Amino acid sequence: MDILLPSQASSGPSHNNASASWQRSLQQAIRNPETLLEHLGLSATQLPIDIANTFSLKVPLEYVAKMRQSDPTDPLLRQVLPLDEENNRAAGFNTDPVGDLNARQSPALLQKYQHRMLVLVTGACALHCRYCFRRCYPYGETGHAEMQQQLMQIRTQKQIHEVILSGGDPLLLSDSHLTAWIQALSAIKHVQRLRIHTRLPVVLASRITDALLSSLQESRLQVFMVIHSNHANELDETSANALQQLRQADCTLLNQTVLLKGVNDQAETQIALHTRLGELQVLPYYLHLLDRVQGAAHFEVAESQALSLMKAMREALPGYLVPRLVREEAGKAYKTPVY
Ligand SMILES: *Cc1c(COP(=O)(O)O)cnc(C)c1O
Ligand code: SF4
């Protein structure tokens with residue numbers, strides 16, 4: 001079966017106001033470090049920024065609004081601002097830290113684990129996270145032909161029970177393109193679960209449009225959405241509303257966090273994040289030790305400190321709000337449990 005994408009799938013003017021608004025927000029995202037600092041009442045002399053970084057700055061104004069003014073140590077700012085430190089080379093840090101390249105069935109289809117297939121449906125994101133483990137990934141074309149090819153491979157592998165839309169950020173696809181994915185996957189009998197890994201409910205809540213919600217709700221697939229929030233300050237009322245709508249559309253909501261020095265490496269920060277997630281009915285999934293990608297060494301937290309954070313969380317939180325501390329190791333059958 002060949003699922004045709006509507007002609008407006010890639011971009012272009014939309015007649016849907018809600019979708020036009022998130023796409024406009026992305027067009028207006030800040031891409032210049034000095035502009036970002038100006039917005040926050042900071043000067044470039046307070047922070048050693050790297051203007052020439054090839055993994056450029058990108059951050060929507062909606063996310064900037066969640067940052068504190070005049071605070072060079074703000075945990076959200078630190079996630080997006082390119083600093084000179086990224087040019088330091090550190091032993092053990094490389095461009096393919098979790099063995100993605102070896103797990104490829106085709107340029108955008110990764111299989112590492114039984115019964116689960118991961119599809120890199122786009123290389124684009126709403127914001128660029130400085131610690132991104134795929135910051136060096138060679139994303140290829142992600143158009144209609146590639147999608148048909150990927151669907152064909154999923155169709156022929158009957159042991160695949162779960163398809164994970166990843167990227168990049170899969171919610172950067174238009175509603176019509178995502179709906180085409182959801183409908184095509186729903187038509188494959190051996191696929192039972194759809195998982196979407198995304199930062200959009202956290203970064204740009206207006207992305208959760210009515211059209212997306214109906215596609216998710218109408219699907220026969222069980223839908224798991226894993227939001228990637230690293231700090232309670234990211235989870236304001238607009239994000240809370242988007243998450244509530246997703247729950248009402250029958251999505252199971254989980255959160256995955258990366259443990260990051262200077263962002264969320266203090267016990268009270270982790271406890272506040274997981275308390276807030278609980279309030280929003282988002283259950284914690286993984287707390288990831290940093291993937292050792294080139295340029296991110298200054299974010300690494302020692303394993304001994306991670307273990308004491310876990311102990312503090314276990315003491316302060318109900319068991320169901322404590323994430324599993326894991327590390328991803330190339331070639332393993334599952335993510336390695338650390339605590
Ligand atoms: C992390 C990952 C998954 C999902 O693993 P879970 O432990 O089920 O969350 C699946 N495929 C790939 C390629 C991954 O990197
Ligand atoms: S949203 Fe995910 S894929 Fe995109 S830059 Fe951030 S960590 Fe990387």
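Values in this document were obtained by computation on a predicted structure and should not be read as measured data. Read the numbers this way: they start at 1 and go in the same order the structure lists the ligands and their atoms. Side chains included, hydrogens not; waters and symmetry mates left out as well; all remaining heavy atoms used.
- Applying the under-4.5 Å side-chain rule to Ile, Leu, Val, Met, Phe, Trp and Tyr, the cluster around Val326 extends to Phe224, Val226, Leu254, Leu259, Ile271, Leu283, Tyr285, Tyr286, Leu287, Leu289, Val301, Leu307, Leu309, Met310, Met313, Leu317, Tyr320, Leu321, Val322, Leu325, Val338, Tyr339.
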Check: every ligand 1 N/O to protein N/O pair under 3.5 Å:
residue  : atom   : partner : partner atom : Å
ligand 1 : 7 (O)  : Tyr286  : OH           : 2.6
ligand 1 : 8 (O)  : Arg116  : NH1          : 2.7
ligand 1 : 8 (O)  : Arg195  : NH2          : 2.8
ligand 1 : 9 (O)  : Arg195  : NH1          : 2.8
ligand 1 : 9 (O)  : Arg195  : NH2          : 3.4
ligand 1 : 9 (O)  : Tyr285  : OH           : 2.6
ligand 1 : 15 (O) : Lys335  : NZ           : 3.0

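- With sequence neighbours left out, the salt bridge (Lys or Arg N to Asp or Glu O under 4.0 Å) criterion links Glu237 to Arg276.
- A side-chain donor-acceptor contact under 3.5 Å links Glu234 and Tyr63.
- Under the 4.0 angstrom criterion, atom 2 (Fe) of ligand 2 counts as lacking any protein heavy-atom contact.
- Inspection of the Glu62 and Ser25 side chains reveals an N or O donor paired with an N or O acceptor under 3.5 Å.
- Test Val258, Asn255, Leu76 against Asn230 for side chain to side chain contact (heavy atoms under 4.5 Å, CB included) and you get one pass: Val258.
- Salt bridge annotation for Arg116-Glu162: absent, with no cationic side-chain nitrogen under 4.0 angstrom from a carboxylate oxygen.
- For atom 6 (Fe) of ligand 2, the neighbouring protein N/O/S atoms at less than 2.8 Å, given as residue and atom, are Cys129 SG.
- Salt-bridge formation is detected for the pair Glu86/Arg130: a Lys NZ or Arg NE/NH1/NH2 atom is positioned less than 4.0 Å from an Asp or Glu carboxylate oxygen.
- Judged by distance alone, the side chain of His177 and the main-chain N or O of Leu173 form no donor-acceptor pair under 3.5 Å.
- Looking at Ile196, Val203, Leu246, Leu243 one by one, the single match for side chain to side chain contact (heavy atoms under 4.5 Å, CB included) with Ile227 turns out to be Leu243.
- Aromatic rings from His197 and His228 are positioned such that their centres are separated by under 6.0 Å.
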